[in-house]
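Here the structure comes first, spelled out in structure tokens, and everything after it is commentary.
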Amino acid sequence: MKYFLILAVLVLSMQVQAEDFFRPCEDVIESPGYTSLAETFESGNVKARYCQKLNTNEFLYVTDVGNYDQFYHCTKTELRKLECRGIDKYSTYPNINVEQRFRSNKGKQFVLFSVGKLSHGIYSTSYVLFHLVPKSEARSGYLIYSLREAGERSGRYSDLGKVCSNLDGQDATTPENPPYEFFDNGKDAAIIRFHQKLTSCDSTNTEAKQTLEYKWVKGEFRLSKNTRIIE
């Protein structure tokens, strides 16, 4: 019996890993496994963009309310109803979208979210990463965290349309092509590498290419390299 339970848990874990994480809610909400979440949405008039089933009793979803998107975690109560709470009630994300899904050679899946807003003529983006972890490492069974330093901050989408528009002398950051890459050769730790251009918005107009590397260390991606080459 014990062997059967262990096998069942392993099979469930493999099934979860095989699916694309955080699919649009409209694509999954009518699936049999999402019935309780669908009922919760209907009763609470919830508007959600992305949904993720963790197991039969737990779900995640991302709200769809413009500049105030947030991750919610839902858990079934003793009455078999879902109770949903914001993962961090003080953290909201403007216009969050699934940017890219990565898979390691061992099948582990990572979801890279992009967060962007245009405010006072300045366009800003940042990145948030999601992946599963053993519950021995995190009680929730997953981690959601920002990849600091990576992202854009420029005035190129303003009325003037220039990189340094509205920045008042502050440095601008714009993505290079490709903006990011994922590496995992199965031997060394997995790496997410971002390519960016830094522009000094002062009289010097100095430009530099920046490379940020986030390396898989002890169950999460951490900034391991930050190099700049002046052009």
How about [X] and [Y]: do any of their side-chain heavy atoms sit closer than 4.5 Å?
X	Y	answer
E83	K81	no
H195	K209	no
C51	L37	yes
E152	T173	no
L132	L54	yes
R49	N97	yes
R228	N226	yes
F71	F130	no

Look only at the side chain of [X] and the backbone of [Y], and say whether a donor-acceptor pair between them is shorter than 3.5 Å.
X	Y	answer
N95	K117	no
S126	G151	no
D184	N105	yes
R153	L167	no
E181	I191	no
T63	Q70	yes
S140	Y142	yes

Would you compute the distance between atom [atom1] of [X] and atom [atom2] of [Y] and round it to the nearest 0.5 angstrom?
X	Y	atom1	atom2	answer
C25	Q52	SG	CD	10.0 Å
F41	L82	CZ	CG	9.0 Å
I144	E220	CD1	CD	13.0 Å
K53	E58	NZ	CD	11.5 Å
K47	D69	NZ	CG	12.5 Å
T35	I29	OG1	CD1	8.5 Å

Same cluster (ILVMFWY, side-chain, under 4.5 Å), [X] and [Y]:
X	Y	answer
Y61	V98	no
V111	I87	yes
V163	Y123	no
V128	Y214	no
F102	W216	yes

Taking all heavy atoms of [X] and all of [Y], pick out the closest pair and write down the distance.
X	Y	answer
N166	I122	O-CD1, 3.4 Å
K197	E207	NZ-OE1, 3.8 Å
T75	H73	OG1-NE2, 3.8 Å
R103	F182	O-CE2, 3.5 Å
I96	Y50	O-CE1, 3.9 Å
L143	G219	CD1-O, 3.7 Å

### Message
On the six-membered ring of F21, is R101 placed so that its NZ or CZ lies under 6.0 angstrom from the centre and within 45° of the ring axis?
### Response
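Judged by the rule, R101 and F21 form no cation-pi pair.
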### Message
Is the distance between the ring centroids of Y93 and F113 under 6.0 Å?
### Response
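Centroid separation for F113 and Y93: 6.0 Å or greater.
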### Message
Quick check: F110 with F221 (ring centres under 6.0 Å apart)?
### Response
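Here the rings of F110 and F221 have centres that are less than 6.0 Å from each other.
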[atom1] of [X]: more than 12 outside heavy atoms within 6.0 angstrom?
X	atom1	result
K162	NZ	no
E30	CD	no
D159	CG	no

### Donor-acceptor side-chain pairing of S200 and D202 below 3.5 angstrom
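No, no side-chain donor-acceptor contact under 3.5 Å.
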### Message
Under a 3.5 Å threshold, yes or no: a donor from one side chain and an acceptor from the other, between Y180 and E99?
### Response
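On atom types as modelled, these side chains qualify, holding a pair under 3.5 Å.
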### Query
Taking it one step at a time, do K225 and T211 satisfy side chain to side chain contact (heavy atoms under 4.5 Å, CB included)?
CA-CA 8 Å; K225 187 180 295 185; T211 300; 5.8 Å; no
### Message
Before you tell me yes or no, could you show the steps for S114 and T125 under side chain to side chain contact (heavy atoms under 4.5 Å, CB included), namely the whole-Å CA-CA distance, both residues' side-chain angles and the distance that decides it to 0.1 Å?
### Response
CA-CA 7 Å; S114 62; T125 64; 5.8 Å; no
### Task
Evaluate the criterion side chain to side chain contact (heavy atoms under 4.5 Å, CB included) for residue pair D20 and Q109; output intermediate values, then yes/no.
CA-CA 8 Å; D20 281 345; Q109 186 178 167; 4.2 Å; yes
### Message
Run K215 and E213 through salt bridge (charged side-chain N to carboxylate O under 4.0 Å, His left out) and show every step you take.
### Response
CA-CA 6 Å; K215 193 173 184 179; E213 283 192 0; over 6 Å; no
### Task
Please lay out, stage by stage, how Y145 and L147 fare under the test side chain to side chain contact (heavy atoms under 4.5 Å, CB included).
CA-CA 7 Å; Y145 52 93; L147 297 179; 4.1 Å; yes
